[in-house]
Asks: 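I have a structure I would like to understand better, so I am pasting it below and will then ask my questions one at a time.
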Amino acid sequence: MAVRAALLVEELQRKRPLVHCITNYVTANDCANILLAIGASPIMADDPEETGEIAASASALVLNMGTPSRRKLEAMVRAGKSANEAGIPVILDPVGAGASCLRREMAAQIIREVKVDILRGNVSEISFAAGLDFCEKGVDVSEADQGRDRTEAALAAAERLGCTVAVTGSVDVVTDGSRVIRIHGGTPLMARVTGTGCMTSVLSGAFAGAGKDPLTAVSAALAAMGIAGELAFEKAGHIGCGSFHMALLDAVGNLNEKIIRERAKIEER
Amino acid sequence: MAVRAALLVEELQRKRPLVHCITNYVTANDCANILLAIGASPIMADDPEETGEIAASASALVLNMGTPSRRKLEAMVRAGKSANEAGIPVILDPVGAGASCLRREMAAQIIREVKVDILRGNVSEISFAAGLDFCEKGVDVSEADQGRDRTEAALAAAERLGCTVAVTGSVDVVTDGSRVIRIHGGTPLMARVTGTGCMTSVLSGAFAGAGKDPLTAVSAALAAMGIAGELAFEKAGHIGCGSFHMALLDAVGNLNEKIIRERAKIEER
Amino acid sequence: MAVRAALLVEELQRKRPLVHCITNYVTANDCANILLAIGASPIMADDPEETGEIAASASALVLNMGTPSRRKLEAMVRAGKSANEAGIPVILDPVGAGASCLRREMAAQIIREVKVDILRGNVSEISFAAGLDFCEKGVDVSEADQGRDRTEAALAAAERLGCTVAVTGSVDVVTDGSRVIRIHGGTPLMARVTGTGCMTSVLSGAFAGAGKDPLTAVSAALAAMGIAGELAFEKAGHIGCGSFHMALLDAVGNLNEKIIRERAKIEER
């Protein structure tokens, strides 16, 4: 899997997939920059009037539920249907899915009306989005959930939704319902920078837009993000959050097939 | 007061308060990152449909009037009422309050319908928000106001609104109407980075969310921001605005009880 | 022209023009920071209820079509009319003009109802905005357009719209329909950071707000951005996208009359 992830980086950088993001305004800049850094091309658009049209011309669609509204929900559903028709992968990041009724409804409606290929979030977000029973504090995972089995949540969500699910945490778990992949890496400092989750989701979009297989795509994205986090930590972890944030973008921009192949810690059980 | 401010940093870092921000899209990323840096947890949400619910689960609510709209006003009022019911502190940052009728109306309506605990802005913003008579150029304080007495404006606003008021500038003034605190520190370079005011307001929210007393909370936030500004200036002031911006986030992330105690220049008269 | 551009930097830094930006949420932070860096003052406001009033008090108005909506279109038209009445320059950046019907309609309506002084974009955006016939992939210029003659597109657009047009690319072309200016400089790394186009447009607003002549203003902005890109590349190009991004803001903040005069590569044919 590490080899395939590494090769996918090369393919991504050759194809330069256009990734349509309907996302929150808090981390939109980082999401666009990380897409450019990895070698993809971002387009941000969230008005219902244009999202269907834009998704149709993209290579992947990423729906991020941060700073939500009904208007954005409509934009997401239209884009999602258009992406489904065009046959491009749809990634859903149910940011803070447990934080409000609106977010739970959004996740439910998107999942009902759009065929989602990859669902990525922390264990609490995934559980809420998939209608499992967990509780959550804000957009960060609640402490009560820290110890829960990410694998269990990922498998349950994958089965219920029939898609690939990535539950990120100190160890990331990815499953399509039958195969289970674990990706080690990253650094706790990533939780001190807002948007590392959102960035991971758009990277998943970039990799999925460059290849065909959601399981490989999201595994490659998680491995890439983890390695970038480690490289950034080595370089700037001792300096502070701001420097680490910048070094993370540097590191993603410097990733290539060789680094992924050598450093990815992906295990399949 | 410096000792109490220092202790509050420790308490904040232990409690990790969840700070609900209804804020502008220009500086939302910095606001989220500075909350994570200091040790708090941010949640950004601005839709009227969810802000009441989200505020109810937070430890503090920060209302920032940048990039305003009627929809955001409704979101703020709902969140504010919910925060009042839940008994959590409400911080209002009346960004560019003098720049348009819409902003003046927003400030007036929020103050009328929500019990605001802390009002933070420059002398012009505070004066407009409190219905005093000043004039303003854009979101930065006008030169005509530079020489005005921040203390006078702070006291007048605190008296009229019955809340703690922080007027920031080269020397910051905080008052609850009876006690007057002055915080020295910072660097003029902070005015060359957008959002240092917004960041100061969310820090006030984090400190208020960690403790009980608005006067101490906002004094601690201003002291923290001033010290971080000085540390960032020492490190990166000679390099440029971008490096200083990043160093500011580094410095906030490295603040602790000891640094605040040793460096805070807080005087009460 | 290089000398005039250099002198305009001095004038800008003395006048500190207030630049009203109606812009996208992806790059709004960078746009505000680059305005502060060069010595101007930003105000971001996009609600139709206040944009007319705010534009009337500004020195320049920049309309950026990223993350568009009908509401923002209305806000732009109101601001544009107000700017026209006040006699301040209007800069239009038709981000991704070819990406959707909504964007093409927005560009057309703005151009119909507002007197635009400067139109800035890549060759594809300019062509779509001016109703010429080109095709486009996302917000980045399509490869098919790479080889097209920027001068031809700039001249055609300037003639059709009766304004100054800047077509940016590896070599920038500026024309008012009769004079044609070419600005060399910059680095390909600028395409790996989101918003360098948006930043160039707000700098054009700052220079236009400080002086009278659109051709000189936009030429100065393009020269400034190109020089800053080169300085940032020298400093941080080998480190990565994140460091380059930060160094770009550093470099803009350190620009002055002398640097522009010595390094600007502006030719008129």
Side-chain angles (χ1 to χ4, degrees), chain B residues 23-33 44 46 65-73 95-106 135-143 188-199 236-250, chain C residues 16-59 67 71-72 75 79 82 193 228 231-232 235-236 242-255:
Chain B
T23 192
N24 66 79
Y25 55 74
V26 184
T27 67
N29 186 261
D30 285 329
C31 288
N33 273 325
M44 265 61 182
D46 68 3
M65 276 177 29
T67 57
S69 67
R70 294 273 165 198
R71 173 183 154 275
K72 230 187 249 180
L73 171 57
V95 178
S100 72
C101 291
L102 174 62
R103 296 186 193 218
R104 281 187 296 280
E105 277 181 49
M106 274 182 81
C135 59
E136 181 174 19
K137 180 198 181 193
V139 294
D140 297 315
V141 67
S142 71
E143 276 171 70
L189 201 49
M190 296 171 85
R192 295 283 297 278
V193 173
T194 195
T196 48
C198 306
M199 292 185 239
H238 57 291
I239 310 177
C241 307
S243 295
F244 173 76
H245 183 181
M246 192 191 60
L248 190 65
L249 285 158
D250 283 342
Chain C
R16 298 188 58 77
L18 180 67
V19 181
H20 176 195
C21 305
I22 305 183
T23 192
N24 66 79
Y25 55 74
V26 184
T27 66
N29 186 260
D30 285 329
C31 287
N33 273 325
I34 211 162
L35 284 171
L36 288 168
I38 196 72
S41 189
I43 184 160
M44 265 62 183
D46 67 5
D47 194 83
E49 207 176 323
E50 70 168 0
T51 52
E53 187 180 354
I54 286 176
S57 72
S59 300
T67 58
R71 174 182 153 277
K72 229 187 248 181
S82 171
V193 173
L231 292 169
K235 203 103 174 237
S243 295
F244 173 75
H245 183 179
M246 190 190 64
L248 189 64
L249 285 158
D250 283 343
V252 171
N254 295 329
L255 287 176

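Remember, it's a predicted structure, so these values are computed and weren't measured experimentally.
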Asks: Tell me which of these, C/I54, C/I34, C/L35, has more heavy-atom pairs under 4.5 Å with chain B than the rest.
Replies: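 Among the listed options, the one with the most contacts to chain B is C/I54.
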
Asks: Quick check: do C/N33 and B/H245 have side-chain heavy atoms less than 4.5 Å from each other?
Replies: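 Yes - at least one pair of side-chain heavy atoms lies under 4.5 Å apart.
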
Asks: Pick from B/T194, B/T27, B/V26: which one makes a side-chain contact (heavy atoms from CB on, under 4.5 Å) with C/M44?
Replies: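 That would be B/V26; it is the only one of B/T194, B/T27, B/V26 passing the side-chain contact (heavy atoms from CB on, under 4.5 Å) with C/M44.
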
Asks: When you compare the side chain of B/L102 with that of C/E53, does any pair of heavy atoms fall below 4.5 Å?
Replies: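 C/E53 does not reach B/L102 side chain to side chain.
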
Asks: Of all of B/P68, B/G66, B/A236, B/G195, which one pairs up most often with chain C through heavy atoms under 4.5 Å apart?
Replies: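 Sorted descending by pairs with chain C, the first entry is B/P68.
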
Asks: Heavy-atom pairs under 4.5 Å with chain C - which of B/R71, B/R70, B/R192 has more of them than the others?
Replies: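 With the most close heavy-atom pairs to chain C, the winner is B/R192.
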
Asks: Looking at B/C241 and C/G253, what are the two nearest heavy atoms and their distance?
Replies: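 Heavy atoms of B/C241 and C/G253 come nearest at SG-CA, 4.2 Å.
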
Asks: Out of curiosity, C/L249 CG to B/S243 OG, how far, rounded to the nearest 0.5 Å?
Replies: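 So the CG of C/L249 and the OG of B/S243 are separated by 9.0 Å.
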
Asks: With the side chain counted from C-beta on, respond yes when B/Y25 and C/T67 share a heavy-atom pair under 4.5 Å apart, and no when they do not.
Replies: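 With C-beta onward as the side chain, the pair stays apart.
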
Asks: Are C/E50 and B/K72 within salt-bridge range, i.e. N to O under 4.0 Å?
Replies: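 Judged by the 4.0 Å cut-off on N to carboxylate O distance, C/E50 and B/K72 do not form a salt bridge.
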
Asks: For the atom pair CD (C/E49) and CE (B/M106), what is the distance rounded to the nearest 0.5 Å?
Replies: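 Reported to 0.5 Å precision, the distance equals 10.0 Å.
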
Asks: Between B/A99 and C/I43, what is the shortest heavy-atom contact and its length?
Replies: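 Closest heavy-atom pair between B/A99 and C/I43: CB-CD1, 3.9 Å.
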
Asks: Evaluate side chain to side chain contact (heavy atoms under 4.5 Å, CB included) for C/N29 paired with B/D30, printing each intermediate quantity in order.
Replies: CA-CA 9 Å; C/N29 186 260; B/D30 285 329; 3.4 Å; yes

